[in-house]
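Counting from 1, the numbers follow the sequence of the chain as shown. Everything numeric in this text was worked out from a predicted model, so none of it was measured.
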Amino acid sequence: MERIELQQVIPAVFADTPPVGSGVWLCGATLDKGRSYLIEASSGLGKTTLCSYLYGWRSDYSGTVLYDGEDIRGFGVARWTELRRRDMAILFQDMKLFGELTALENLRLKNDLTGRKTEGEIVSMLGRLGLGDKADSPAALLSAGQQQRVAFVRALCQPFDFIVLDEPVSHLDEANSALMRDLLTEEARAQGAGIIVTSIGKHFDMPYDNIIKL
């Protein structure tokens, strides 16, 4: 996938009172593979909603979202399954880990579907993010920041043309944020992928190609 386009998109909840001055809602926004985007907004303006639209998680909007010129409303289950396996990775704001499984078991679930990483590569990524001793810990017993890093590694356990990260460093200090940023840029560069980051103020310290106000 090379390009995502949003044409006059507006969430149903904002239909009667659309945000003023948005660079996304009711606009023509284009996101290209290989470029990095920071989408900034105050709380309640639809950051997570936008991520859900891009991932096909929700469709309560008017307007059109296009993937390489195709309207995603026409995609069926099989198409979305393949897109989420091969083209679109995501780090959810609420992580969506299975608390009863260990960190490594959560990662294996994803990697078993894609075959992207070896076990050694997964363990190495955990180590780079300061989680080398947490692989066998139940996710529910990890701190919010640790869970965020595990969920990030899970997002990397697949090939992708775009990776969407919804407030990815909300629970991290600057040092751990930098570790995650370096791994993100390394993985995205290797695949020529696009990076889409949302933020309400705290975000990766990196040179974005475009900063968009939501």
Side-chain angles (χ1 to χ4, degrees), residues 1-77 79-80 82-84 86-94 96 151-152 155 158-170 177 180-181 184-185 187-189 191-214:
M1 182 166 58
E2 299 292 328
R3 174 169 290 182
I4 298 171
E5 296 174 81
L6 296 95
Q7 299 179 347
Q8 297 299 309
V9 173
I10 187 72
V13 70
F14 295 150
D16 295 329
T17 55
V20 177
S22 173
V24 175
W25 303 138
L26 292 178
C27 294
T30 299
L31 308 170
D32 289 313
K33 182 181 177 183
R35 296 176 66 83
S36 58
Y37 301 88
L38 175 64
I39 300 176
E40 295 186 311
S42 301
S43 182
L45 291 183
K47 293 178 292 62
T48 298
T49 297
L50 174 62
C51 294
S52 296
Y53 294 164
L54 296 179
Y55 201 61
W57 202 264
R58 289 171 54 181
S59 59
D60 54 323
Y61 61 87
S62 60
T64 307
V65 180
L66 303 173
Y67 285 179
D68 288 343
E70 291 187 77
D71 190 338
I72 66 173
R73 286 191 186 277
F75 294 174
V77 173
R79 182 71 178 278
W80 275 117
E82 189 61 19
L83 277 165
R84 293 168 184 160
R86 299 295 174 192
D87 300 298
M88 178 73 73
I90 191 168
L91 171 56
F92 295 101
Q93 185 180 3
D94 59 359
K96 298 189 185 300
F152 170 67
Q158 67 168 90
F160 54 86
D161 294 321
F162 288 90
I163 182 167
V164 178
L165 305 107
D166 191 10
E167 293 193 58
V169 295
S170 56
S177 175
M180 188 186 289
R181 175 205 62 207
L184 170 64
T185 54
E187 291 281 329
R189 187 180 299 116
Q191 301 187 61
I195 300 171
I196 303 168
V197 180
T198 73
S199 170
I200 58 172
K202 187 178 182 182
H203 55 76
F204 290 124
D205 181 13
M206 58 186 287
Y208 296 96
D209 292 300
N210 197 1
I211 299 176
I212 304 170
K213 179 182 177 182
L214 185 61

Mutual orientation of the aromatic rings belonging to Y53 and Y61 [parallel < 30°, tilted 30-60°, perpendicular > 60°]: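 Tilted, since the angle between the ring planes falls between 30° and 60°.
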Are any of the side-chain heavy atoms of [X] and [Y] separated by less than 4.5 Å?
X    : Y    : result
W57  : I90  : no
L184 : L165 : yes
Y208 : I195 : no
P168 : V197 : yes
I211 : H203 : no
W25  : L50  : yes

Side-chain donor-acceptor contact under 3.5 Å, T48 with D166: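 Short answer, yes.
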Working to the nearest 0.5 Å, report the span between [atom1] of [X] and [atom2] of [Y].
X    : Y    : atom1 : atom2 : value
L26  : Q8   : CG    : CD    : 5.5 Å
C51  : Q93  : SG    : CD    : 8.5 Å
L66  : Q7   : CG    : CD    : 4.5 Å
W80  : I72  : CH2   : CD1   : 4.0 Å
F152 : E187 : CZ    : CD    : 7.5 Å

Test ring-ring contact (aromatic ring centres under 6.0 Å, His included) applied to Y55 and F92, F160, F162, the passing residue: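 By the ring-ring contact (aromatic ring centres under 6.0 Å, His included) criterion, Y55 pairs with just one of F92, F160, F162: F92.
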Would you say [X]'s side chain and [Y]'s backbone share a donor-acceptor pair under 3.5 angstrom?
X    : Y    : answer
R84  : G56  : yes
D161 : D87  : no
R35  : N210 : no

Shortest non-hydrogen contact from [X] toward [Y]:
X   : Y    : answer
I10 : P18  : CD1-CB, 4.0 Å
T30 : E5   : OG1-CG, 4.0 Å
S36 : M206 : CB-CE, 4.2 Å
G34 : D209 : O-OD2, 4.4 Å
S43 : I200 : N-CG2, 4.1 Å
G46 : L214 : C-CD2, 3.5 Å

side-chain contact (heavy atoms from CB on, under 4.5 Å) between D205 and S177, intermediate numbers included: CA-CA 8 Å; D205 181 13; S177 175; over 6 Å; no
Qualifying salt bridge (charged side-chain N to carboxylate O under 4.0 Å, His left out) pairs with a residue from residues 38-47, counting only residues at least two apart or across chains: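 The answer is K47-E167.
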Check against side-chain contact (heavy atoms from CB on, under 4.5 Å), I39 and I196: CA-CA 7 Å; I39 300 176; I196 303 168; 3.8 Å; yes
Steps toward side-chain contact (heavy atoms from CB on, under 4.5 Å) verdict (I212, L31): CA-CA 11 Å; I212 304 170; L31 308 170; 4.3 Å; yes
Atom NZ of K213 with >12 non-hydrogen neighbours under 6.0 angstrom: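 Check fails, neighbour count at 12 or below.
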Working for side-chain contact (heavy atoms from CB on, under 4.5 Å), residues L38 and F204: CA-CA 9 Å; L38 175 64; F204 290 124; over 6 Å; no
Contacts of type salt bridge (Lys or Arg N to Asp or Glu O under 4.0 Å), residue R58, not counting sequence neighbours: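 Once residues adjacent in sequence are excluded, the partners of R58 under the salt bridge (Lys or Arg N to Asp or Glu O under 4.0 Å) criterion are D60.
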